[in-house]
Amino acid sequence: MKLIIQIPCYNEENTLGVTLSELPRQVPGVDHVEWLIINDGSVDRTVDVAKEWGVDHVVNFDHNQGLARGFMAGLDACLKAGADIIVNTDADNQYCAADIPKLIEPILHGEAEIVVGERPIMEIQHFSPIKKILQRLGSWAVRVASSTPVADAPSGFRAISRNAAMQLNVFNEYTYTLETIIQAGQKGMAVASVPIRTNGYLRPSRLVKSITSYVQRSLFTILRIFITYRPLSFFTILGAIPFGLGFLLSVRWIWLFLTEFEQTGRSHVPSLIFSAILILIGVQCWIFGLIADLMSANRKLLEDIQLRLRRSEIEEHMNKHREKEMR
């Protein structure tokens, strides 16, 4: 059983040493523990610091490609390195590394494939009251969209099984945190949440540049993934709004036509036209939902093919690595 702890890094020379100094080299239930960093185009001494601390694997990007792509590149490298469990943490030492055994325990016991660390949000001093409320609301929205019990969706401290890592795909270029949870829930993976501790504040978040942009991007991510994995439900709800309004207007028109036409001669044609337009919009949304649902069936087939190819590629890579070691 091999555990690889991966850390996405972008110009982290000032904090990476502190983070690595806390990481374990032995974890109960695991035979081997290795460290991996994703150097996301750093221009400082991030890689040098990592090597000084004995990091086992380094994934290098020529230029900054963002947290989401770095996370996926790390998963791919960990799988090729033979990881059975992957733990993702941040380079700013936000998360308490001593909680890694607790984080991977549900995976070791076969109770979950993805485990997300739940931070004590209300106790974190450098989080503003607005950010704390938004964190709670965002996590609630992700729970609804993913049908999982995750209490702290934006948390980057998480453990992922080998099987789950092979199935994850991240389309968003901004972050992986929300998308991977929703995706896992929609794919029927067992997702768990465990309470974890946090460390002192070392630097400001680079992901949350402003509350407004963070909320906008998070809502867009949730909406996009919901449309991707539950298109029929989304377009059914979307189409029901104009259809319902149009239906009520048509009932109103029928009532007015039957009660007032003979007395006033008014036919209320504009109301009839408007109700017809709304009904047509609702029906069109439902048709879009049916088409999107058929397309999602093709996407599931493609994901199955991708999973088979990924497994084959990783197994081939590992076999070549074993042959080199034997030589």
Side-chain angles (χ1 to χ4, degrees), residues 2-12 34-42 46-47 50 55-92 95 103 107 113-117 142 146 148 150 153-187 189 191 206-207 217-218 220-222 224-225 228-229 299-300 302-318:
K2 179 187 285 189
L3 165 67
I4 297 184
I5 305 170
Q6 72 167 31
I7 309 174
C9 299
Y10 178 60
N11 295 334
E12 302 286 2
E34 297 178 359
W35 301 346
L36 177 145
I37 71 159
I38 304 99
N39 173 35
D40 193 12
S42 300
T46 294
V47 176
V55 167
D56 303 280
H57 311 277
V58 178
V59 178
N60 281 305
F61 287 162
D62 294 333
H63 61 277
N64 182 253
Q65 297 192 32
L67 182 60
R69 289 187 180 180
F71 173 79
M72 287 304 298
L75 290 189
D76 185 62
C78 288
L79 290 171
K80 289 179 178 178
D84 297 291
I85 303 175
I86 302 165
V87 167
N88 185 85
T89 189
D90 287 353
D92 61 357
Y95 307 107
L103 195 69
I107 295 178
E113 293 188 82
I114 297 178
V115 184
V116 181
V142 171
S146 64
T148 64
V150 174
S155 172
F157 193 46
R158 52 186 64 190
I160 305 167
S161 71
R162 181 179 182 82
N163 180 59
M166 285 188 180
Q167 298 182 59
L168 293 177
N169 291 296
V170 177
F171 306 107
N172 190 289
E173 297 182 359
Y174 177 59
T175 182
Y176 62 89
T177 53
L178 308 184
E179 184 172 357
T180 49
I181 294 173
I182 297 173
Q183 191 176 124
Q186 296 300 332
K187 288 186 176 183
M189 298 183 197
V191 181
R206 293 172 180 168
L207 189 65
R217 290 187 177 189
S218 298
F220 178 76
T221 299
I222 293 170
R224 182 179 179 183
I225 299 303
T228 301
Y229 287 92
R299 175 188 51 74
K300 290 176 182 178
L302 290 173
E303 286 182 346
D304 183 60
I305 294 172
Q306 181 198 45
L307 177 60
R308 293 172 184 269
L309 290 173
R310 187 176 286 175
R311 282 177 176 165
S312 177
E313 179 186 357
I314 291 170
E315 288 176 2
E316 183 180 355
H317 181 88
M318 290 178 62

TODO: State, with a plain yes or no, whether a side-chain heavy atom of Arg162 is found less than 4.5 Å away from one of Ile107.
DONE: no
Open item on the list: Within the structure provided, determine whether Ile7 and Trp35 are in side-chain contact (heavy-atom separation under 4.5 Å).
Closed with: no
Task: Least distance between heavy atoms, Leu178 atom then Pro154 atom - done: CD2-N, 4.1 Å
Task: Considering all heavy atoms, the nearest Tyr10-Ser42 contact - done: CA-OG, 3.4 Å
Open item on the list: Run Phe61 and Ile38 through side-chain contact (heavy atoms from CB on, under 4.5 Å) and show every step you take.
Closed with: CA-CA 8 Å; Phe61 287 162; Ile38 304 99; 4.3 Å; yes
Task: CD on Gln167 to OG on Ser161, rounded to 0.5 Å - done: 8.0 Å
Open item on the list: Side chains of Asp56 and Leu36, heavy atoms from C-beta outward: is any pair under 4.5 Å?
Closed with: no
Task: From CD (Glu179) to CG (Asn169), nearest 0.5 Å - done: 8.5 Å
Task: Distance in Å, Cys78 SG paired with Asp84 CG, rounded so as to fall on 0.5 Å steps - done: 11.5 Å
Open item on the list: For Glu12, is there any backbone N or O sitting under 3.5 Å from a side-chain donor or acceptor partner on Thr46?
Closed with: yes
Task: Partner of Arg158 under side chain to side chain contact (heavy atoms under 4.5 Å, CB included), chosen from Val115, Val116, Val191 - done: Val116
- [ ] Quick one: closest heavy-atom pair of Ile86 and Ala165, and the distance?
- [x] CD1-CB, 4.0 Å
Open item on the list: Just verifying a value: how many Å separate Leu168 CG and Asp76 CG, rounded to the nearest 0.5 Å?
Closed with: 12.0 Å
Open item on the list: To the closest 0.5 Å, what do you measure between CD1 (Ile5) and CD1 (Ile85)?
Closed with: 11.0 Å
Open item on the list: Tell me whether Gln6 contacts the main-chain N or O of Leu75 through its side chain, where contact means a donor paired with an acceptor under 3.5 Å.
Closed with: yes
Task: Contacts of Glu313 that satisfy side-chain contact (heavy atoms from CB on, under 4.5 Å) - sequence neighbours left out - done: Lys80
Open item on the list: On a heavy-atom basis, which atom in Ala159 and which in Leu103 lie closest, and how many Å separate them?
Closed with: N-CD2, 3.7 Å
Task: Closest heavy-atom pair and its distance - Cys9, Ile37 - done: SG-CB, 4.1 Å
Task: Donor-acceptor pair, side chain of Tyr176 and main chain of Met72, under 3.5 angstrom - done: no
Task: 4.5 Å side-chain heavy-atom contact, Val150 and Val142 - done: no
- [ ] To the nearest 0.5 Å, tell me how far Gln186 CD sits from Thr148 OG1.
- [x] 9.5 Å
Task: Within-4.5 Å side-chain heavy-atom neighbours: Ile114 and Thr180 - done: no
Task: Where Asp40 and Gly66 come nearest, the two heavy atoms and their spacing - done: OD2-N, 3.0 Å
Open item on the list: If the condition is side-chain contact (heavy atoms from CB on, under 4.5 Å), which residues does Asn60 pass it with, not counting sequence neighbours?
Closed with: Asn39, Val47, Val58
Open item on the list: Restricting to salt bridge (Lys or Arg N to Asp or Glu O under 4.0 Å), what partner residues turn up for Glu34, sequence neighbours left out?
Closed with: Lys2
